[in-house]
Amino acid sequence: MEKLPDETKAGSSGAECIKVESNVRLHITNAGKGWVIALFVLIFIAVSACRKTSKSPGDNLRPASFTDKEWLGKQLFFDANLSEPAGLACAGCHASQVGWTGPDATIDLNGAVYEGAVNGRFGNRKPPSIAYGGDSPNLHPDATNGWTGGMFWDGRATGLTLGDPLAEQAIGPFLNPLEQNNASAGVVVAKVKQSKYAILFMDVWGLHAFDDTEKAYQMIGRSIAEYERSEAVGPFNSRFDTYFETGNGLTAQETLGLSLFNGKAKCANCHTSTADPAIGRALFTDFTYLNIGVPKNSKNPFYSELTFNPLGASWVDMGLGGYLKSAGFAASVYEPELGKFKVPSLRNVDKRPNTSFVKAYGHNGYFKSLQDIVHFYNTRDVAGAGWPAPEYAASMTSEVGNLHLTTTEEEAIVAFLKTLTDR
Ligand code: HEC
Ligand code: HEC
């Protein structure tokens with residue numbers, strides 16, 4: 001099994017790589033065809049070299065396409081010093097090479113949950129992508145679609161405190177003992193104040209930005225959200241986007257996949273494939289919550305992590321309902337939501353560094369390939385299909401589970417999902 005070169009645990013920002021890439025891109029537009037190939041070789045060498053030599057965050061090598069706040073957010077996102085002990089950046093569990101989710105194929109193949117800054121402490125869910133989630137509204141009960149919005153698989157970054165679920169999410173991991181494990185917001189703010197990008201922080205948020213710790217901590221969250229919403233993270237430049245704009249560019253198989261996705265296979269009922277009115281792009285999520293019946297992933301190390309999980313092997317992830325219960329809602333409100341998880345965007349769902357790299361799917365990473373999960377949607381309820389029981393049965397949707405898709409049709413849907421990879 002392979003593991004990607006781990007830039008993030010070493011604390012580099014990759015800033016030099018970006019500079020090299022953007023300079024080279026400029027040359028390509030002026031160069032002839034033969035030169036393009038030569039330049040690609042050069043880019044490869046340059047990028048491999050800069051992996052090793054990239055400097056710490058704060059080095060002033062910002063490409064023109066970044067705003068100050070986005071660039072500041074990027075420094076924070078890649079800063080491996082913001083954990084206790086140091087060594088784990090946000091990017092350690094959300095890497096661009098794999099579509100901003102977990103970068104370790106061996107982990108994906110097994111428990112699919114990632115280790116925090118403290119050795120041996122694991123989270124209990126698979127890291128979702130940080131991209132294309134920025135348009136999620138605050139968590140609220142919608143009259144037609146039920147609970148909608150918020151961030152995290154269970155919606156607990158509601159957005160109701162900061163007015164922005166993405167910014168609110170971003171200040172969670174720093175203090176989570178299973179993730180970056182800092183003792184308090186003050187500790188994180190003090191580290192940022194000592195960082196090479198402290199001046200940039202004050203440029204963006206004002207000379208007195210560090211004076212009020214609570215506010216400074218919120219500004220850290222807002223800066224990261226700005227980066228997560230930026231074109232650098234969500235460029236909308238997949239082959240699907242080209243097709244969306246021009247009506248061309250998909251193969252016959254992919255076009256069949258798209259029409260099944262929108263029709264017979266019902267995928268678009270939840271993973272919306274039409275333009276979001278606010279941004280004019282398809283986000284492949286409607287930000288609602290459902291239980292599709294994902295089986296338990298018994299390889300999740302959380303089952304034996306008794307300090308944080310006193311229920312041990314009998315623990316069941318209650319998703320949205322679990323959050324609503326802990327937030328004090330009445331049983332009549334939270335009970336129907338137990339076992340439901342947020343519909344994830346499918347953008348970059350296939351993105352991986354090479355074809356043999358394994359990615360995990362679903363909130364607990366039970367599925368190990370797109371073929372697997374599509375086959376599950378198609379046959380979950382077919383007698384003799386052999387799927388294990390769902391992790392939580394009571395709230396399971398019957399909208400999917402027996403779609404009558406042929407093998408050719410399943411394959412076409414998988415082919416279509418692969419067109420959602422950013423270039
Ligand atoms: C140890 C691994 C780990 C680290 C470090 C980490 N995350 Fe995550 N991230 C996760 C997991 C796991 C989830 C899902 C947790 C859940 O839903 O309960 C998640 C969820 C998210 C989401 C929600 C996406 C969605 O669609 O709801 C965003 C955004 C995010 N992380 C950004 C960040 C940022 C910003 C940082 C740094 C401040 C960070 N993460 C650090 C593992 C990690
Ligand atoms: C009724 C709503 C609904 C429909 C219909 C639906 N999905 Fe999903 N999808 C979800 C939810 C909810 C999840 C997360 C479930 C979980 O993890 O427990 C999910 C997860 C996924 C994932 C995993 C993504 C990840 O990053 O882990 C993929 C891939 C996916 N769906 C593809 C499809 C395809 C393809 C179809 C059509 C065959 C489809 N979905 C139909 C609601 C739906």
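Counting convention: from 1, in listed order, for ligands and their atoms alike. Bear in mind that the values here come from a model prediction, so they are computed numbers and not experimental data.
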> Of the listed options (F152, W100, F174), which comes nearest to atom 23 (C) of ligand 1 when hydrogens are ignored and any heavy atom counts?
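It is F152 that holds the nearest heavy atom.
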
> Would you mind telling me if ligand 1 is within reach of the side chain of Q180, the backbone, both or neither, using heavy atoms under 4.0 Å?
side chain

> Can we say D164 and R229 salt-bridge, meaning some charged N sits less than 4.0 Å from an Asp/Glu carboxylate O?
yes

> Counting only heavy atoms closer than 4.0 Å, does ligand 1 sit against the backbone of C90, its side chain, both, or neither?
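Both parts.
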
> Quick check: does W153 get an N/O under 3.5 Å from an N/O on ligand 1?
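Checking ligand 1 against W153, an N or O pair does fall under 3.5 Å apart.
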
> With heavy-atom distances below 4.0 Å as the criterion, list the atoms of ligand 2 near A265.
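Atoms satisfying the 4.0 Å criterion: 37 (C), 38 (C).
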
> Determine whether the side chain, the backbone, both or neither of S129 has a heavy atom under 4.0 Å from any heavy atom of ligand 1.
backbone

> Please write down residue, atom name and distance for the protein heavy atom closest to atom 39 (C) of ligand 1.
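Going atom by atom, the protein heavy atom closest to atom 39 (C) of ligand 1 ends up being P173 CG, 3.4 Å.
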
> Just to confirm my output: which protein heavy-atom neighbour is closest to atom 26 (O) of ligand 1, and how far is it?
M151 CE, 3.6 Å

> Which atoms from ligand 1 have a heavy atom of E115 less than 4.0 Å away?
1 (C)

> With atoms numbered from 1 as shown, which atoms in ligand 2 lie under 4.0 angstrom from a non-hydrogen atom of E399?
1 (C)

> As an exercise, identify every atom of ligand 2 less than 4.0 angstrom from a heavy atom of V400.
5 (C)

> So if I count the atoms of ligand 1 from 1 in the order they appear, which ones are less than 4.0 Å from some heavy atom of I224?
35 (C)

> Give me the one residue out of K296, K299, E391 that meets side-chain hydrogen bond (donor to acceptor under 3.5 Å, both in side chains) with N364.
E391

> Under 4.0 Å from any heavy atom of V294, which atoms of ligand 2 are there?
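In order of number, 16 (C), 18 (O).
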
> Any idea which of G92, C93, G116 brings a heavy atom closest to atom 1 (C) of ligand 1?
C93

> Distance only, no hydrogens: is a donor on one side chain within 3.5 Å (strictly under) of an acceptor on the other, for T288 and W147?
no

> With heavy atoms under 4.0 Å as the rule, classify the contact between L88 and ligand 1 as side chain, backbone, both or neither.
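For L88, the contact with ligand 1 is made by the side chain alone.
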
> State whether F66 and R62 meet the cation-pi test: NZ (Lys) or CZ (Arg) under 6.0 Å from the six-membered ring centroid, and within 45° of the perpendicular axis.
no

> Check A89 against ligand 1 and report side chain, backbone, both or neither, counting heavy atoms closer than 4.0 Å.
backbone

> Could you tell me whether the side chains of N262 and S259 share a donor-acceptor contact shorter than 3.5 Å?
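No, S259 and N262 have no side-chain donor paired with an acceptor closer than 3.5 Å.
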
> What is the nearest protein non-hydrogen atom to atom 17 (O) of ligand 2, stated with its residue, atom name and distance?
H363 N, 2.6 Å

> For atom 18 (O) of ligand 1, which of the options E228, R121, R125, E179 provides the nearest non-hydrogen atom?
R125

> Atom 5 (C) of ligand 2: which protein heavy atom is closest, and how many Å away?
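Protein heavy atom with the smallest distance to atom 5 (C) of ligand 2: K266 O, 3.3 Å.
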
> Would W71 and S230 count as having a side-chain donor-acceptor pair, cut-off 3.5 Å?
no

> For a quick check under 3.5 Å, do N378 and E410 share a side-chain donor-acceptor pair by atom type?
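The criterion, which ignores hydrogens and geometry beyond distance, is satisfied for E410 and N378.
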
> Within less than 4.0 angstrom of ligand 2, does K340 place any heavy atom?
no

> Which protein heavy atom lies closest to atom 2 (C) of ligand 2, and at what distance to 0.1 Å?
C270 SG, 1.8 Å

> Could you tell me the residue and atom name of the protein heavy atom closest to atom 20 (C) of ligand 1, and the distance to it rounded to 0.1 Å?
P128 CD, 3.4 Å

> For ligand 2, which atoms, with element, lie under 4.0 Å from some heavy atom of Y361?
23 (C), 25 (C), 27 (O)

> Could K325 and Y323 be counted as a cation-pi pair, given that NZ or CZ must be under 6.0 Å from the ring centre and within 45° of the axis?
no

> Looking only at distances, can you tell me whether any N or O atom of L346, backbone or side chain, sits closer than 3.5 Å to an N or O atom of ligand 2?
no

> Classify the side-chain pair N291/S395 by whether it contains a donor and acceptor separated by less than 3.5 Å.
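Yes, S395 and N291 have a side-chain donor paired with an acceptor closer than 3.5 Å.
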
> Look at atom 25 (C) of ligand 2 and say which protein heavy atom is nearest, naming residue and atom and giving the distance to 0.1 Å.
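Of every protein heavy atom, K126 NZ, 3.3 Å lies nearest to atom 25 (C) of ligand 2.
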
> Between F261 and F416, is the ring centroid distance below 6.0 Å?
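So the answer is yes for these two rings.
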
> What residue and atom, counting heavy atoms only, is the protein's closest point to atom 22 (C) of ligand 2, and at what distance?
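Protein heavy atom with the smallest distance to atom 22 (C) of ligand 2: I373 CD1, 3.5 Å.
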
> Do K126 and N297 have side-chain atoms, one donor and one acceptor, less than 3.5 Å apart?
no

> Can you confirm whether or not the ring centre of F376 sits under 6.0 Å from the ring centre of F367?
yes

> Going by ring pair (Phe, Tyr, Trp, His ring centres under 6.0 Å), Y132 matches just one of F236, F287, F284. Which one?
F236

> Side chains of H404 and E409: do they bring a donor and an acceptor to under 3.5 Å?
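No, E409 and H404 have no side-chain donor paired with an acceptor closer than 3.5 Å.
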
> With the threshold set at 4.0 Å, does a side-chain nitrogen-carboxylate oxygen contact exist between E245 and R281?
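Result for this pair is yes, salt bridge flagged.
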
> Would R423 and T242 count as having a side-chain donor-acceptor pair, cut-off 3.5 Å?
yes

> Of the listed options (G319, P344, S369), which comes nearest to atom 11 (C) of ligand 2 when hydrogens are ignored and any heavy atom counts?
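Ranked by closest heavy atom to atom 11 (C) of ligand 2, first place is P344.
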
> What do we get for Q169 next to ligand 1 when only non-hydrogen atoms under 4.0 Å count, side chain, backbone, both or neither?
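Within the 4.0 Å criterion, Q169 contacts ligand 1 through side-chain atoms alone.
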
> Looking at R347 and D241, does any basic side-chain N land under 4.0 Å from a carboxylate oxygen?
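Yes.
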
> Rounded to 10°, how big is the angle at atom 8 (Fe) of ligand 2 from Y377 OH to H271 NE2?
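Answer comes to 180°, rounded to 10°.
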
> Would the F201 and Y197 ring centres measure less than 6.0 Å apart?
no

> If you consider just the N/O/S atoms, which atom of H94 is the closest one to atom 8 (Fe) of ligand 1?
NE2

> Under a 4.0 angstrom heavy-atom cut-off, which atoms of ligand 1 come close to K342?
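Selected atoms, number and element: 26 (O), 27 (O).
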
> Can you sort out which atoms of ligand 2 are near G362, meaning under 4.0 Å from one of its heavy atoms?
17 (O), 23 (C), 25 (C), 27 (O)

> Answer yes or no for G123: is there a heavy-atom contact with ligand 1 below 4.0 Å?
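So G123 does not count as touching ligand 1.
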
> Please work out which of G339, C267, P295 has its closest non-hydrogen atom nearest to atom 37 (C) of ligand 2.
C267

> When you check the side-chain N and O atoms of Y361 and D108, is any donor under 3.5 Å from an acceptor?
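Note: Y361 and D108 side chains miss the donor-acceptor criterion.
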
